[in-house]
Amino acid sequence: MQTGSYINGEWYQPNSERQIRNVNPADTRDVIAEFPMASAEDTERAIDAAAEAFQGWRKTPGPERGRVIWRAADIARRRVDEIAEMMTREEGKIFKEARGEVLKGISLLEYNAGAGYRLGGKTLPSEARDTFTYTIRQPMGVVGLIAPWNFPWAIPVWKSAPALVAGNAVLLKPASLTPATAGLLAEVYEEAGIPKGVFNVVVGSGGDVGETIVNSGRIPVVSFTGSNEIGSDLYVKAASRGAKVTCEMGGKNAVIVMPDCDLDKAAVAIRDGAFGSTGQRCTATSRVIAIGDTRGELVARLEEHAKKIRVGSGLDADVDMGPAVDEGQWKTDLEYIEIGKQEGARLVTGGNAPEGLDHGYYVEPTVFDDVTPDMRIFREEIFGPVLSVAAASDLEEAIQFANSVDFGLTTSIFTQDVDKVMRFVEEVEVGMVHVNEPTIGGEAQLPFGGIKATGVGEREMSEEGVNFFTELKTVFINYSGQSGRLMIR
Ligand code: NAP
């Protein structure tokens, strides 16, 4: 396994006292790797390499760049189990989920490979005679990608593949908790034939590597996914120096359960949304808003499901839910459970670190009932396996509760009533809505992202995700033989 940073096509161990310690959260005795952190100077060196490599890559035809990305998809498919196993070891999600994430990344690579053929602008009629007007999309230069730990493969892929196919050079800063999966992405791109310096991974702290990216006048585009604490400040800094910025941040996603729905399906979808990936998804279901008498029956089913979830190491095939990613997140989960109790919510099940799992950061799948919209567990992102159930009298009130939080990523409804579906889709304040399915999920060809405090900038994935990494240029070609423009009024 390669460790360190990957700069200008070489693996590099910075000369630094400060170490990255990559530890398995399911068993902290398993140390995956220890290596020196990159510094601000190392980051500058990566920018130098990327700026030079950009000059050749931007001239490589789009379809040819796409072919490199397609080869990366093939290589990742060959290595799917190895990548998934590393992801489970360093992030903690169960192997099946990690494998699903690698496959999702492969779809994203394939989608973006094809985009190499579609980097077109538009031809539009000019108001002037004998004038041909059109637009072209061009790469922007060295782009800075700052990624979180919770999707350590899919997010670096969904940012880097469109950036690369559009002709940019990339500097990726992965989360310090998950550098190994990012390293595997560098290996995959290298084998696929990415030229030296076009894709770089700099592993170091947010304060050094991250801040250097955010403040560098040589990086015209910054794409960030992570917490609101970091993202809102980062947005201001990068935008104030004129960079194009997108920030995808936290979520507090609700499922609205109407009395006419299929309750079995709703309960399974809520279980998967709330406890899948240990609740550590931006799209995780953390709130349920149940209408009318449905609530009692629903809570009983959720309790039953939660109690059946087997918690443990994600490398064990019998396990359904892995640990929190680190000690900090583990403590946050347990603190929010205490907050919920103090606020007067009723703890239905869970609420503790499970017994007998002493070497990892485990939390029981936890369900609270009698939660009200003013409670912190209803309003704030926990990012753990903690689900809050609240009651509403009708759809209107349910939508009002769903919209009452700062975040706006995703929301789902369970109902058979098409009028209610249409009203819900129209009124709910989020970037993505689901009907009769969990709040989670995204597809390569569909725009992904949130509104309100969740997201600023462009949507990711899809055509929008590629366009974000391009500059639009408008071209006027006058073939009239006259020096002025012949405008018809
Ligand atoms: P985080 O703490 O904000 O970190 C995200 C990235 O920012 C990491 O690479 C981090 O580096 C870096 N960073 C830290 N300080 C920085 C600074 N001053 N300047 C520049 N970069 C800096 O978030 P996280 O804990 O990794 O991820 C969890 C959060 O991500 C949750 O809130 C979740 O909802 C959100 N998320 C959102 C989406 C979405 O699409 N909306 C998707 C996934 C996750 P270090 O690791 O070195 O600190």
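Just so you know, ligand 1 is whichever comes first in the structure, and atom 1 is the first atom listed for that ligand. Position 1 is the first residue of the sequence, and the numbers go up from there. Keep in mind that this is a model prediction, so the values were computed, not measured.
Using a 4.0 Å cut-off to heavy atoms of Ser205, the atoms of ligand 1 that qualify are 47 (O). Which parts of ligand 1 touch Ile230 is read off a 4.0 Å heavy-atom cut-off, strictly below it: atoms 3 (O), 13 (N), 14 (C), 15 (N), 16 (C), 17 (C), 22 (C). If you number the atoms of ligand 1 from 1 as listed, the ones under 4.0 Å from a heavy atom of Phe224 come out as 3 (O), 5 (C), 6 (C), 7 (O). Those atoms of ligand 1 with a heavy atom of Pro174 less than 4.0 angstrom away are 9 (O). If you number the atoms of ligand 1 from 1 as listed, the ones under 4.0 Å from a heavy atom of Trp149 come out as 24 (P), 25 (O), 26 (O), 27 (O). Here is the list of ligand 1 atoms found below 4.0 Å of a heavy atom in Gly204: 47 (O). Close approach of ligand 1 to Gly210 is summarised as follows: ligand atoms under 4.0 Å from at least one heavy atom of the residue are 19 (N), 20 (C), 21 (N). Ligand 1 places these atoms under 4.0 Å from at least one heavy atom of Gly226: 3 (O), 5 (C), 23 (O), 29 (C), 30 (O), 32 (O), 35 (C).
Counted by atom type alone, Asn22 and Glu90 present one or more donor-acceptor pairs between their side chains at under 3.5 Å. Side-chain atoms of Lys159 and Thr225 form a donor-acceptor pair, as typed in the model, at a separation below 3.5 Å. Inspection of the Thr410 and Thr283 side chains reveals no N or O donor paired with an N or O acceptor under 3.5 Å. No side-chain N or O of Thr470 forms a donor-acceptor pair with one of Asn467 less than 3.5 Å apart. Side-chain contact, Ser286 with Glu381: no donor N or O sits under 3.5 Å from an acceptor N or O.
Checking only distances, Ser176 does come within under 3.5 Å of ligand 1, N or O to N or O. Inclusion of Glu381 in the set of residues having an N or O under 3.5 Å from an N or O of ligand 1 is warranted. On a distance-only criterion, Phe448 and ligand 1 share no N/O pair closer than 3.5 Å. By the 3.5 Å distance cut-off applied to N or O atoms, Thr225 is not counted among the residues near ligand 1. An N or O contact shorter than 3.5 Å links Ser227 to ligand 1 by distance. For a threshold of 3.5 Å applied to N or O pairs, the pair formed by Thr454 and ligand 1 contains no separation below that value.
Counting non-hydrogen atoms of neighbouring residues, nucleotides and ligands closer than 6.0 angstrom, the NZ atom of Lys237 exceeds 12 such neighbours. For Glu464, the CD atom counts as densely surrounded, since its 6.0 Å shell holds more than 12 non-hydrogen atoms of other residues, nucleotides or ligands.
Protein heavy atoms are found less than 4.0 angstrom from atom 19 (N) of ligand 1.
Scanning both residues, Thr278 and Ala324, for their nearest heavy atoms gives CG2-N, 4.1 Å.
For the pair Tyr189/Val68, no side-chain contact is recorded, criterion being any heavy-atom separation below 4.5 Å from C-beta on.
By the 6.0 Å and 45° rule, Arg310 does not stack over the aromatic ring of Tyr362. With Tyr12 as the aromatic partner, Arg45 meets the cation-pi criteria of under 6.0 angstrom to the ring centre and within 45 degrees of the ring axis.
Considering only non-hydrogen protein atoms, atom 28 (C) of ligand 1 sits nearest to Phe383 CE2, 3.6 Å. The protein atom (non-hydrogen) at minimum distance from atom 12 (C) of ligand 1 is Ile146 CG2, 3.7 Å. Protein heavy atom at the shortest distance from atom 41 (N) of ligand 1 is Met249 O, 2.8 Å.
Using a 4.0 Å cut-off between heavy atoms, Asn150 contacts ligand 1 through its side chain alone, with no backbone atom that close. Heavy atoms of Arg281 found under 4.0 angstrom from ligand 1: none, in either backbone or side chain. Using a 4.0 Å cut-off between heavy atoms, Ile155 contacts ligand 1 through its side chain alone, with no backbone atom that close. With a heavy-atom cut-off of 4.0 Å, Pro148 touches ligand 1 through backbone and side chain alike. Contacts between Leu234 and ligand 1, counted as non-hydrogen atom pairs separated by less than 4.0 Å, involve the side chain only. By the criterion of a heavy-atom distance under 4.0 Å, neither the backbone nor the side chain of Phe151 is placed next to ligand 1.
Within the structure, ring-ring contact (aromatic ring centres under 6.0 Å, His included) contacts touching residues 440-465 (residues at least two apart or in different chains) are Trp158-Phe448. Counting only residues at least two apart or in different chains, salt bridge (Lys or Arg N to Asp or Glu O under 4.0 Å) contacts with residues 238-248 are absent.
For Thr439 (side chain) and Thr411 (main-chain N/O), no donor-acceptor pair under 3.5 Å exists by modelled atom type. Distance alone, capped at 3.5 Å, is enough to place a donor-acceptor pair between the Asn150 side chain and the Gln280 backbone.
The closest heavy-atom contact to atom 14 (C) of ligand 1, among the options Ala147, Gly206, Ala182, comes from Gly206. Considering Cys247, Cys282, Gly442 only, the shortest heavy-atom separation from atom 39 (C) of ligand 1 involves Cys282.
The shortest heavy-atom distance from Gly455 to ligand 1 is not under 4.0 Å.
When each of Phe407, Tyr336, Trp149, Trp330 is tested with Phe383 by the rule ring-ring contact (aromatic ring centres under 6.0 Å, His included), just one qualifies, namely Trp149.
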